[in-house]
4 protein chains.
Amino acid sequence: MTSTKSPADRPDDSGGVKPLRADARRNRERIIAVAEAVFAEKGPSASTEEVAAGAGVAIGTVFKHFPTKQALLQAIMKGLLERLNEQLSALAAGDRPGEGLFTFVTEMVDQAARKRTVVTLLAETGVDLQVAGSLQSLREGVEALLDRARRAGTVREDVRLDEVLALLTGLCHGALHAGWDVDLQRRTLAIVFEGLRGQPDAAARSRGSIR
Amino acid sequence: MTSTKSPADRPDDSGGVKPLRADARRNRERIIAVAEAVFAEKGPSASTEEVAAGAGVAIGTVFKHFPTKQALLQAIMKGLLERLNEQLSALAAGDRPGEGLFTFVTEMVDQAARKRTVVTLLAETGVDLQVAGSLQSLREGVEALLDRARRAGTVREDVRLDEVLALLTGLCHGALHAGWDVDLQRRTLAIVFEGLRGQPDAAARSRGSIR
Amino acid sequence: MTSTKSPADRPDDSGGVKPLRADARRNRERIIAVAEAVFAEKGPSASTEEVAAGAGVAIGTVFKHFPTKQALLQAIMKGLLERLNEQLSALAAGDRPGEGLFTFVTEMVDQAARKRTVVTLLAETGVDLQVAGSLQSLREGVEALLDRARRAGTVREDVRLDEVLALLTGLCHGALHAGWDVDLQRRTLAIVFEGLRGQPDAAARSRGSIR
Amino acid sequence: MTSTKSPADRPDDSGGVKPLRADARRNRERIIAVAEAVFAEKGPSASTEEVAAGAGVAIGTVFKHFPTKQALLQAIMKGLLERLNEQLSALAAGDRPGEGLFTFVTEMVDQAARKRTVVTLLAETGVDLQVAGSLQSLREGVEALLDRARRAGTVREDVRLDEVLALLTGLCHGALHAGWDVDLQRRTLAIVFEGLRGQPDAAARSRGSIR
DNA sequence: AATGAATGAGAATTCATTCAT
DNA sequence: AATGAATGAATTCTCATTCAT
């Protein structure tokens, strides 16, 4: 132990994970940040070498922090999901219960339109335990927003969580791959939100005409 | 050259493309068919060797027909798009003008849910001139269905082609990556279709409430 | 060089394995030959790159023929064991039943003293089915020589196959690692052979008969 | 330099080697002990990191004590050889002059059968001056046992030191790589000892005296 | 003295592409 | 036209060694 102070008197913000030296943590964070950008632009098949170069470290350093490429991808995933979960919490605590879900979907699609994120990575990254937890939180966060919206009457009673998540991922993928501009995002989401709101007589109509 | 006939005295059915010997054409078609299956299952990073092996030809033969892997991917794209265009034509000529668009979207999403197709490939394949043409046809075919639906009153007047295509690609990507089951597909599309139909007072409401 | 004759009229000497083009076979053999020498000198941790360079081919060619380094090591093993088995057959068919075993051990130790061979490789190479077969043949070949020697009275009745093989591998390892010179080999083996003979009149006989 | 005392005023107990602080010496010894175990189990290609982890020190500490991996291997060698030399001395001072050599060989082979030791390490480690000294002592120790055995009549007059060492290393290598069980060790050594004795009445004596 | 993060030169393996047969 | 062996650059991952803290 090199520090003359006990590590115990520093707040441990990393949940039981061995604390890193300040310089190592900086590198780790830089690597994640660069990796996020690189994989966002080129997809998960971009080379680890490129991430290393972008972060200004040697290739070995990347592999020291993330022993496989998979591990790096999963670390990115974890970070992205955590940020989403924070957004969800904020919206759930907010004062516009009817609009929270719409706001969240709108923001997520907007992010996806800018760069590859959770959406792509989720598709290519194996879901490990760490990630699985964040993912479950995400589901629950969206479910909370959906509940509030249903109670506020801004979303039809018969809309279920699964459909909402399906629409969310679909829209993100679409925005991501097709590079929707802001206006196209707005108009496309308007249609989907309209469908979520539905009409008083929507349920009745949908019984017969679809398919 | 082993053929005793000049290639010139056979009808050229391929629009300016050099005619092939019958066996060569058979090979070409087999390669495309196998490549479609292979890339559908494993994504575009599957190896060209595997395609060759599946088609029962040597690797050199694949590269003889398609000088780069890109070219092979684009040839597949072209084929897929042509088939979609045929579907569109059939629906445009059909007798249920109000439902054609819904039917087309439903079928395409269903295919995507089964395997990687146009959706993935389009994302990874550079769009060259050949493909661009088919893509333009696709746009026009969908536009025709959309027009008919608007005229039949099953789609709101203010819905534009861009949104429809955006929803289409988004839903396909979603179905593809998340592996939606049939029931989830149905419920998700019901919401989107509801949004496309809209309500009498939808236009009014949408002015203020979105975002 | 591709022959204009059908491959069918050439004898297939490779036991059901797909026949290779002549140039490919030449390369394959050159690679094995070089690999044998390289691994003999530097041990199995020598790099595949060095083998490729020595054989005058690109690294990819080595991996085309032997998909992993293990596979290359095992191919070498197989060849070495086959050669040993041929020696055994020749000695078993020879006319000096009492001396066959001694001759074989002497030759094998002599080879080991010159370079790393079966001995080292066997230690590091996983034994797969192909190799296992040759190894079993080797055991049986030595057993045959041992039987003949026992019947000829040049080896004690109570000596068993396991001890002979143990002595054989031990002596080879020793000769290999310590680089015994010819004279040291002779004197060391004389002691072991004396132990194998183990008769009251051993001293008398040992004067003349050892090689 | 942090120490306030000159290093010169502490007694130098290690033959010209710089004296170490008590904690440093403890580390050094722990590293050697762990390294011995690790290399014994996994061979000399085991990673230095693993040794460090096992010893509970950082990798830098290992390299502080042993500037290269080679140096670490040689230090282990030296320790092993020293212990063997102690055994030799004990046997040379013992009261069974005729059996000392046999006992020593038996014990060394038994150790080799249990784990990689001197045998492997000697093969892979370059012999430096330090090691060379211990090795010379080993030779002399075995020579002493051999002399006594010859005088006691339990080993033939014409057996020379080189053959004995050759047999010793060969048997150790064999036992090491082939994993001889106790019974196989006994039977194999019986043959070799028989060869070393090599007298008319050898068979008779061997019934009782071995082990 | 100890720490442990960083380095960077390999090593094995893959695969699109070329070219002699 | 077809074959399939050869190429070699690119990629992931390892590990002895260095050096700032």
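Chain naming here is simple, since letters A, B, ... match the order of the sequence lines and numbering starts at 1 in each.
For the pair D/Arg28 CZ and E/dA2 C1', the computed distance is 16 Å after rounding to whole Å. One atom, CG of C/Asp23, and another, C1' of F/dT7, lie 14 Å apart when rounded to the nearest Å. In this structure, CZ of D/Arg30 is placed 14 Å from C1' of E/dA1, rounded to the nearest angstrom. The interatomic distance linking D/Leu72 (CG) with F/dA16 (C1') rounds to 12 Å, in whole Å. A straight line from NZ of A/Lys64 to C1' of E/dT7 spans 10 Å, rounded to a whole angstrom. E/dG4 atom P lies 13 Å from atom CD1 of D/Ile31, rounded to whole Å.
Looking at residues two or more places apart in sequence or on another chain, you find a side-chain contact (heavy atoms from CB on, under 4.5 Å) between C/Ala58 and C/Thr61. Every residue two or more places apart in sequence or in another chain that forms a side-chain contact (heavy atoms from CB on, under 4.5 Å) with D/Ala52 is listed here: D/Val57, D/Ile59, D/Val62. For C/Glu50, the salt bridge (charged side-chain N to carboxylate O under 4.0 Å, His left out) partners two or more places apart in sequence, or in a different chain, are C/Lys42. C/Lys78 is linked by a salt bridge (charged side-chain N to carboxylate O under 4.0 Å, His left out) to C/Glu82, counting only residues two or more places apart in sequence or in another chain.
Each of C/Val62 and A/Ser45 was assigned the nucleotide of DNA chain F with the nearest heavy atom; the assignment lying further toward the 5' end belongs to C/Val62. Positionally, the nearest nucleotide of DNA chain E for A/Val57 lies more toward the 5' end than for the other of A/Val57 and B/Ser47. A residue-by-residue look at A/Ala58 and C/Phe66 shows that A/Ala58 has its nearest nucleotide of DNA chain E further toward the 5' end.
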Please write out each protein N/O paired with an N/O of nucleotides 17-19 of chain E under 3.5 Å, distance rounded to 0.1 Å.
| residue | atom | partner | partner atom | Å |
| --- | --- | --- | --- | --- |
| E/dT17 | OP2 | B/Lys69 | N | 2.9 |

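Not one side-chain nitrogen or oxygen of D/Asn27 sits closer than 4.0 Å to the OP1 or OP2 atom of E/dA1. Between D/His65 and E/dA2 there is a side-chain polar atom (N or O) within less than 4.0 angstrom of OP1 or OP2. Phosphate contact (OP1/OP2 of F/dT7, side-chain N/O of C/Thr61, threshold under 4.0 Å): present.
Atom CZ of C/Phe39 sits about 8.0 Å away from atom OG of C/Ser47, to the nearest 0.5 Å.
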Evaluate side chain to side chain contact (heavy atoms under 4.5 Å, CB included) for A/Thr48 paired with A/Phe66, printing each intermediate quantity in order.
CA-CA 10 Å; A/Thr48 313; A/Phe66 308 96; over 6 Å; no
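The shortest distance between side-chain heavy atoms of A/Ile31 and A/Arg28 does not fall below 4.5 Å. Counting heavy atoms from C-beta on, the side chains of D/His65 and D/Ile32 never come closer than 4.5 Å.
Consecutive pairing runs in DNA chain E reach the stem threshold at E:2-21 with F:2-21, where a stem means at least three Watson-Crick or G-U wobble pairs with distances under 3.5 Å.
The two atoms that bring B/Lys69 and B/Phe63 nearest to each other are N-CE2, 4.3 Å, heavy atoms only.
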